[in-house]
Structures are given as structure tokens and as C-alpha cells.
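Quantities reported herein were computed from a predicted structural model and do not represent experimental measurements. A, B, ... follow the sequence lines: proteins, then strands. Residue 1 opens every chain.
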Amino acid sequence: DAKTTQPTSMDCAEGRAANLPCNHSTISGNEYVYWYRQIHSQGPQYIIHGLKNNETNEMASLIITEDRKSSTLILPHATLRDTAVYYCIVRVAAVYSGGGADGLTFGKGTHLIIQP
Amino acid sequence: DSGVTQTPKHLITATGQRVTLRCSPRSGDLSVYWYQQSLDQGLQFLIQYYNGEERAKGNILERFSAQQFPDLHSELNLSSLELGDSALYFCASSVELAGVYEQYFGPGTRLTVT
């Protein structure tokens, strides 16, 4: 799986958009970008994933650059409950269904602190 | 609530002992993953089971073992415990979605070895 680089920590004001960058310059064509977050000592929570198109769901938006070497996770209206460690993970999709694939490789992530 | 359950929530035991952690995946999920999170190592993948069979191994010690039962729940067995095994242990489950899938994590079991 491709290596990712994220800032160690970021601050954002409550109510503002939080933009979390991730660099994955060695990503290959069959690798997806996934984002998870972990609120203090809770189990990690899936947020969103994408291949090359921008994606949006009820939690966030994912913007992937055209060359796919970097991406940005956007939390449109951050709340205090969004304070967490955010992990950007790049991994290949399972090439077959019905078999699964191995575990996620978590780096150190970005500690996002939402300020009141 | 992810739908993944883990028991117990907390476990305190002594060095040299053996413990069993239990995980029930989300309804319909066939894959179960185990992860360890310690302060110095971060979140590390240990092992994956799919429909009762071991599918992938990560940084799992030989003192640790796991299994997945016919009802799809899984157990992680940790033996000859050492102080360094103190950590949060997470279970996750997933369903296949044309090869692209997300993992849903349980609330974890906090193991303290004294």
C-alpha cells in the first residue's frame, strides 16, 4: 500500500470547514484513498473513500487531485464532536469478491482540534 | 453504534496469564479483523478471518491466536501475557462491496497487564 503523509495536528474553529490534507505521491492506479477517524480511545470510524472522482456523503467530502498524488478531506461545518485523529489510508481494492483483504495500515494521522 | 460488539470492555490481569477477547461482527459481515493499539506502536493489524478461515496475518505474536466460529463471532486469545501487551484491542468487520469496502470497528477491549 502507498505511504501517506499528513500533518501532525490542525486546529479549526467550530462552525467552519475543516480541510485535512493528505499526500500520497506514490499511489498506484488501483489504489483507493480511505479516510477514517478515531475519537479518543473509541474504535476508528469509516468516513469516506474514493478512487479519482470527488466524493461526498453525509459526513464529509473527499477531493482528490487530478494526478491523484494528494487529497483533502473536508468537514463542511465542524463541531466539537469532530475533534479526533483523522487517518488517510491508501490501499488497493480487493481484486476478488467474497474473500476480503488484509487489514488497514494506520499511520499517525492528523489530530484535528475543533476550537469553540 | 457500528453494530460490532466486543466483550469485555475492560480486563485486568497479571503477567503470565491467558485471556480471551470476544467479538461479534455486524449482521451479514463475514470478515473479522483484530487490531492492537498501544501508546508506542499505534494501531496495528493483527489478523483477519473470513467465514471461519484465516485470510491474512499482520504483526501478530506467536503467543496470540484467534478463531472465527460458525456463527461468525471471533475470539482473540492472548497467552503468557507481558506488561507490553497492555493495549486497546479492536475488532472490525466488513462486507464485500465489489472489492471496495469499509471496515466497521467495535468499541474495543482495554487490556491492562500488571
Identify whether A:I48 and A:I63 are in the same connected component of the hydrophobic contact network (ILVMFWY, side-chain heavy atoms under 4.5 Å).
-> no
Check the surroundings of atom CD in B:E53: do more than 12 heavy atoms from other residues, nucleotides or ligands lie under 6.0 Å from it?
-> no
Taking all non-hydrogen atoms of both residues into account, name the closest pair between B:R110 and A:S41 and its distance.
-> NH2-OG, 3.4 Å
Side-chain heavy atoms under 4.5 angstrom apart, residues restricted to Ile, Leu, Val, Met, Phe, Trp, Tyr: same cluster for A:L80 and A:I74?
-> no
Is the shortest heavy-atom distance from the side chain of B:F105 to the side chain of A:Y36 under 4.5 Å?
-> yes
Where along residues 58-84 of chain B does a heavy atom come under 4.5 Å of chain A, listed by residue number?
-> none
Taking the side chain as C-beta and beyond, is there a heavy-atom pair between B:L43 and A:Q38 under 4.5 Å?
-> yes
With no hydrogens and no angle check, is any side-chain donor or acceptor of B:Y104 less than 3.5 Å from a backbone partner on A:P44?
-> no
Closest contact, heavy atoms only, A:Q42 versus B:F90 = O-CZ, 3.5 Å
Nearest heavy atoms of A:Y87 and B:Q37, plus distance in Å | OH-NE2, 4.0 Å
Please check if A:Y34 and B:Y33 belong to a single hydrophobic cluster, counting links between Ile, Leu, Val, Met, Phe, Trp and Tyr side chain heavy atoms closer than 4.5 Å.
-> yes
Taking a hydrophobic cluster as the set of Ile, Leu, Val, Met, Phe, Trp and Tyr residues connected by side-chain heavy atoms closer than 4.5 Å, whether directly or through intermediates, do B:I47 and B:V32 fall within one such cluster?
-> yes
What are the two closest non-hydrogen atoms of B:Q103 and A:Y46, and how far apart are they?
-> O-CB, 4.0 Å
Proximity breakdown for B:L88 and chain A, heavy-atom pairs closer than 4.5 Å | side chain
Under a single-linkage definition using a 4.5 Å side-chain heavy-atom cutoff for Ile, Leu, Val, Met, Phe, Trp and Tyr, are B:L46 and B:Y50 assigned to the same hydrophobic cluster?
-> no
Please report the closest heavy-atom contact between A:L104 and B:Y35, naming both atoms and the distance.
-> N-OH, 2.8 Å
